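This report refers to the structure that appears directly beneath it.
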Amino acid sequence: MENKFKTEKSNVTTKMEFVLLGFSDIPNIQWILFGIFLVIYMTILMCNSIIILITKIDPALQTPMYFFLGNFSFLEICYVTVTIPRMLMDLVSQKGNISLLACATQMCFVLMFGSSECLLLTVMAYDRYVAICNPLHYTVVMNQKVCVQLVTASWLSGVPVIIGQTWQIFSLPFCGSNTINHFFCDLPPVFKLACGDTFVNEIAVYVVAVVFITVPFLLIVTSYGKIISNILKLSSATGKAKAFSTCFSHLTVVILFYGTTTITYLRPKPNQSEGIGKLISLFYTVLIPMLNPMIYTLRNKDIVVALKKLLTKSLR
């Protein structure tokens, strides 16, 4: 289970392999969990793929808001694909062995897609701000070139930083146990296995978390503060309801995602049990991506209409 080599001058053991414990503490329901997570994964793939499809083919959805939503749906597919298939494989095999390289790769992609999600949610908030607070200049400000640039920046801005941080973390010596009490290689449980002085690494993690979590969140809060202030000035009750409706879905997603990621990456030394940590991680890696398509579609009349058109065409 554990391949390792020892240096002659130190008792530090460099791990070549980790073991993800996953849900091994509840062995009697492994196949039930496999079924549940498989259904969730297929639901995420199907729902987000449908959103991507209708935002591409429906003429009524050729606007910046739905361009960003289509990209967000694709990002969600990438995000869950990094963790859920591996978790399903471990549930079937009941073995959690994962090489150091595979662990580092998984962590790197989870952090990259997570940072991209934070930035893309910020871009979506800015889009709503321009649409509601500066509607006359909306088409000029949010032209196609700007939208593509914003999406590209959201996808790529965090890549060099996250790769550097992952390399820094996995350059640390790992000693003692090689078991990770988690269902994927997340930053906090991997950090627990590192030995020696990790103060500089921990500061680096907090700095990156502030840049990609706190700063975008503050920008979103600022945008929605101005949006709400502007909506309240509208004299028409119908106008207010329509404006709030277009923002409610995005705000719900922001609160759910940022709430769980903040608890995971920005809290001080974790005091809660590892079981609670796994539960929180399940929220932002599995449950929230499953809820997001439903949140966006159920409260969005344009998407509901586009879905009805798609179903009508497919049944002909």
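Values below: every heavy atom of this structure, side chains too, minus hydrogens, waters and symmetry copies. Numbering starts at 1 and runs along the sequence shown. Model, not experiment: these values are computed from the prediction.
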Exercise. So how far is it from I255 CD1 to I220 CD1, rounded to the nearest 0.5 Å?
Worked result: 10.5 Å
Exercise. Excluding sequence neighbours, so at least two apart, what forms side-chain hydrogen bond (donor to acceptor under 3.5 Å, both in side chains) with Y258?
Worked result: none
Side-chain polar contacts of residues 120-136 - donor-acceptor pairs under 3.5 angstrom, sequence neighbours left out - could you list them?
residue : atom : partner : partner atom : Å
T122    : OG1  : C118    : O            : 2.8
D127    : OD1  : Y138    : OH           : 2.5
N134    : OD1  : H137    : ND1          : 3.0

With a 3.5 Å cut-off and sequence neighbours excluded, list the donor-acceptor pairs that the side chains of residues 64-78 form with protein atoms.
residue : atom : partner : partner atom : Å
Y66     : OH   : N300    : OD1          : 3.0
Y66     : OH   : N300    : ND2          : 3.1
Y66     : OH   : D302    : OD2          : 3.1
N71     : ND2  : F67     : O            : 3.0
S73     : OG   : N48     : OD1          : 3.4
S73     : OG   : L69     : O            : 3.1
E76     : OE2  : N292    : ND2          : 2.4

Exercise. Under the ring pair (Phe, Tyr, Trp, His ring centres under 6.0 Å) rule, what pairs show up with a residue in residues 85-112, not counting sequence neighbours?
Worked result: F109-F113
For this session: With sequence neighbours left out, write down each residue that passes side chain to side chain contact (heavy atoms under 4.5 Å, CB included) with F184, or none if nothing qualifies.
Result: T83, Q106, V110, H182, D186, S281, Y284, T285
For this session: Taking disulfide (SG to SG under 2.5 Å) as the test, write out the residues that go with C103, two or more places apart.
Result: C185
For this session: Any pair with a residue in residues 85-114 that passes salt bridge (charged side-chain N to carboxylate O under 4.0 Å, His left out), sequence neighbours left out, goes on the list, sorted by first then second residue, please.
Result: R86-D90
Exercise. Sequence neighbours excluded, which residues qualify as side-chain hydrogen bond (donor to acceptor under 3.5 Å, both in side chains) partners of T214?
Worked result: none
For this session: Kindly write out the residues that satisfy side chain to side chain contact (heavy atoms under 4.5 Å, CB included) with L33, not counting sequence neighbours, or none if the list is empty.
Result: F23, I26, I29, F37, L91
Problem set entry | Listed partners of K308 passing side chain to side chain contact (heavy atoms under 4.5 Å, CB included), at least two apart | V304
For this session: Would you mind listing every side chain to side chain donor-acceptor pair (under 3.5 Å) that reaches into residues 141-160, with sequence neighbours excluded?
Result: none
Problem set entry | For I162, side chain to side chain contact (heavy atoms under 4.5 Å, CB included) partners two or more places apart | C108, L111, M112, S115, T166, V208
